[in-house]
Structure formats: C-alpha cells, structure tokens
*Asks:* 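Sending over a structure as structure tokens; questions will come in a sec.
Numbering starts at 1 and runs along the sequence shown. As the structure is a prediction and not an experimental result, all values here were calculated from the model.
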Amino acid sequence: MSKKILLTATMQSHIAQFHKPLINLLKGHGYEVHVAAKNNLGEKNGLRIENADLIFNVPFSRKPQNADNIRAYKLLKKIIDENNYDVIHCNTPMGGIITREAGKNARKKGTKIFYTAHGFHFYKGAPIKNWMLYYPVEKHFAKYTDKLLTITSEDYNLAKKHFATRVYYTHGVGADEAKYNQQFNQNEIKKELGYNADDFLILCTGELNVNKNQKELIKAMSLIDQTDIKVILAGNGPNADMLRALIKEYGLEKRVDMVGYRTDLCRFVKASDAVVSMSIREGLGLNVVEAMLCGKPVIVTNNRGHRELVRDGINGLFVETHNSELLMKKIMMLYENSALRVSMGKKGYEIAQNFTVKKVIKEIEKIYFE
C-alpha cells in the first residue's frame, strides 16, 4: 500500500503557487499526494496544480464566520476518514484550523499533522484584536499539531516559547532560482512588454487587497513628476476597481499599468528597475525574494516578513506602511542613483541564496524524514 499525504489550504492557488517543490519532493519519496482546497484557479489566468494525484474542491472561506467553513469541515472530515492518510499538511489560517479540527480522529489513529504558518496574524505591532482572536486559536490547535513549520524568526521564537508542539524554521517556501536567474537582457524584455528601454519600471505584485496596500504606491506616484517612472501592478483581487479609480483620479493612466494576474511574472521582474512591497502584514514575501534573485533593489514596509529579507540601506530601503511621501523619496533615491541600485541588487542576490527552492526543500526534507 502506497503512502498517502493530504495537502490543504484555504485556496487551491496557494498550493499551486507555493507548494510545487513540496509535491515533487513527496512524489520522489513515493507518496501519493492529494490536495484539498477551494478551487479558485479560474481567477488566476491559467495557474494550475501540477503533479498531484487527486484534487478535492473544498469550499473553505478566509472569513471565519462564513457558513462555507462548516460545509468545508464536513467534506474534509469525510475525505480524511475515507483515505487513511499517513500525513496531513495544512496551510493558511482557516485551512489550518479546519483541517486540524477535521483530522483529530485520524491523528488518534496515527496520522501525523503538520502545519506551515505563513506568517501569524499576531505579531509585534499587530492590532490587539488579532492577538485576542488568532493567538488563542493557534495556541489551542498547536496541541493537535505534530510539527509546526514557521517561515520567520519572529514566528519561530514565539511558537517555540508558547506553543505545545515541535517547532521548525524554514527559509520560506523557496523561490525558483533557475527561473529567476540573472542571465537576461533587461532592455529587450522592457521592449517586449511595450516599454521604452530608458523607462524606470517599478514592479508591485500581489493580490489587490487591503493588506497589500497598493494604494500607497499610487499615491506616491502622484507626487512624482518624472514621466519616465512607471509602475506595473501585477495581480487581481477585491480592490481592483478601487485602484483603477484612484489611478484615474490622479491622472496616472499612462504611468501605472494594471496587468492582472500573471503566470509569466518573471518577465516583469527582469524588466523592472526596482520592486516595491507595501504590505501591512507579510509572512515572507516570495515576490521580494524573486526580485533579489534577479538583482533588483527593493523598497518594502518595515514588517516582520520583510525584515527577514531586507537590510535597510544594504539590499533595499524601508518605508512606513502609510507614508506615500516617504515612499516617493525612496523611489527618487533609487531613480537618481544607478550605482546604488547595482550595489543593492548584488547584495540582495547574495542574501536570496538562503531562500531558494534548493535550500528550502532540503530543510523540509529533513523535517519530514528526520
């Protein structure tokens, strides 16, 4: 009988974007790999889950109070009870909570349950309501977790001190060092994408939502007169219409491009001169690692996930979350200083070597098969 593992997350896009290396690792060790998550791939421009043996569409919702989560629990419990998994590996807050609740009986029978925390919602500086809601829940469910994987030092230290489970640290989910390599002609890629070779391109990627905070970048652009500075917003999400309206309000239609969800994101990273992430909360920004692998300087908000990757003034620049004027000044600093961009890009490339798929998959393999 083959060994079986179930990977869960709130959305299938999470598995498709971040866990292809894990699926390949497990298949290489002889596992039959199943996936359970809500099918949202139709919104993601052709993104798909590769190499899984079976995929279940489970109607998780990111909102705790949504009735879909009750249906998700019942369906997931049925899936778990019928398949006798050796390991269940859950991800994302709601996916992790519902999976561990649904897997309690299986765990009593010997199934191991792992959970990767892609950035706790409680952290230094988080709103008190986050601590009141998420901290006790995660602490409770840690008792039903055999191995807890964290991706930032802050989360690791907190969980190690307060949670009753075995806690591990990994360098994120791993960026594809082969895909985001430094062997490319930036000007050619700019022209292929419809830009001028001398345009100064700023890339900002991520779901268009409140947390990713793209509106601050648009506001910063409204303070910049140089017409050769242009922004590319890659991603889709609930704030798309609001951001389009903001772009129109500031008259930035020719300087800020919303390109939607892209499966060829590496081309945009390579075309860019700098990458910006204005996230309010960040676990560990894979987009920032990918930028660093391409030798790009980054401008990021000073939060837990970004501090794991960026040394202020060395491979990037920190800004405050809601300070578009400061962001404007940091953009101009990079725009006016090509030598600084080069030096930051080189240092970022060095730091990014700790966060590649090759590095991370060895860490995860050790955790699984130690």
Side-chain angles (χ1 to χ4, degrees), residues 17 118-119 121 123-127 130 151-152 154 172 175 200-224 226 229-250 252 255-262 265 268-269 272-292 294 296-335 341 344 348:
Q17 287 174 307
H118 297 267
H121 278 55
Y123 50 89
K124 293 176 183 176
N130 287 31
I151 62 173
T152 69
E154 181 179 320
F200 185 85
L201 298 184
I202 300 167
L203 177 66
C204 180
T205 67
E207 185 174 1
L208 305 180
N209 60 29
V210 173
N211 179 60
K212 294 300 183 181
N213 196 29
Q214 292 95 343
K215 67 178 182 180
E216 292 299 331
L217 177 54
I218 296 172
K219 289 179 180 179
M221 282 295 290
S222 73
L223 304 174
I224 294 173
Q226 283 76 4
I229 299 179
K230 297 178 180 178
V231 163
I232 301 170
L233 296 182
N236 59 11
N239 277 15
D241 289 341
M242 181 273 287
L243 293 172
R244 287 191 189 96
L246 196 62
I247 291 167
K248 186 175 181 180
E249 177 184 340
Y250 288 125
L252 294 171
R255 296 171 55 202
V256 179
D257 293 331
M258 295 178 64
V259 298
Y261 186 89
R262 305 295 301 215
L265 194 59
F268 290 86
V269 179
S272 68
D273 295 280
V275 168
V276 169
S277 177
M278 293 301 293
S279 300
I280 298 169
R281 181 192 74 256
E282 192 64 67
L284 188 80
L286 187 62
N287 59 325
V288 176
V289 180
E290 291 165 349
M292 291 160 56
C294 288
K296 307 298 182 178
V298 296
I299 303 175
V300 298
T301 43
N302 187 1
N303 62 38
R304 158 197 55 180
H306 290 152
R307 286 192 294 270
E308 203 80 10
L309 301 169
V310 179
R311 312 291 178 264
D312 191 28
I314 304 299
N315 68 310
L317 300 168
F318 282 144
V319 293
E320 298 166 7
T321 306
H322 298 294
N323 191 333
S324 54
E325 184 174 351
L326 178 61
L327 174 57
M328 175 272 292
K329 292 178 180 177
K330 301 288 183 169
I331 290 171
M332 294 308 299
M333 183 185 300
L334 291 181
Y335 173 75
R341 298 199 301 271
M344 284 186 170

*Asks:* Between F318 and K330, which heavy-atom pair has the shortest distance, and what is it?
*Replies:*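 Of all heavy-atom pairs spanning F318 and K330, the closest is O-CE, 3.5 Å.
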*Asks:* Any side-chain heavy atom of Y123 sitting closer than 4.5 Å to one from N303?
*Replies:*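 They are not in side-chain contact.
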*Asks:* Going by heavy atoms in the side chains, are E207 and P238 under 4.5 Å from each other?
*Replies:* yes
*Asks:* Under the side-chain hydrogen bond (donor to acceptor under 3.5 Å, both in side chains) criterion, do R307 and N302 qualify, and how do the steps go?
*Replies:* CA-CA 6 Å; R307 286 192 294 270; N302 187 1; 3.1 Å; yes
*Asks:* Taking the side chain as every heavy atom from C-beta outward, state whether H322 and I280 have any atom pair closer than 4.5 Å.
*Replies:*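 They are in side-chain contact.
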*Asks:* Mind checking the NE2-CG spacing from H118 to L284? Nearest 0.5 Å is all I need.
*Replies:* 10.5 Å
*Asks:* Distance check, rounded to the nearest 0.5 Å: K215 atom NZ versus L243 atom CG?
*Replies:*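 Separation between the atoms: 9.5 Å.
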*Asks:* Considering non-hydrogen atoms only, spot the tightest contact between R244 and D241 and give its length.
*Replies:*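 The pair with the smallest heavy-atom distance is NH1-OD1, 3.0 Å.
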*Asks:* Any chance CD of Q226 has more than 12 other-residue heavy atoms, nucleotides or ligands included, within less than 6.0 Å?
*Replies:* yes
*Asks:* To the nearest 0.5 Å, what is the distance between CD (E308) and CD (E282)?
*Replies:* 12.0 Å
*Asks:* Find the distance between CD1 (I299) and NZ (K329) and round it off to the nearest 0.5 Å.
*Replies:* 13.5 Å
*Asks:* Which pair of non-hydrogen atoms, one from D312 and one from L317, has the smallest distance, and what is that distance?
*Replies:* OD1-CA, 3.3 Å
*Asks:* So, are E325 and K219 salt-bridged, with charged N and O less than 4.0 Å apart?
*Replies:* no
*Asks:* For the atom pair CD1 (I218) and OG (S324), what is the distance rounded to the nearest 0.5 Å?
*Replies:* 11.0 Å
*Asks:* Please find the pair of heavy atoms, one from L309 and one from R311, that lie closest to each other, and give the distance.
*Replies:*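 Result for this residue pair: C-NH1, 3.6 Å.
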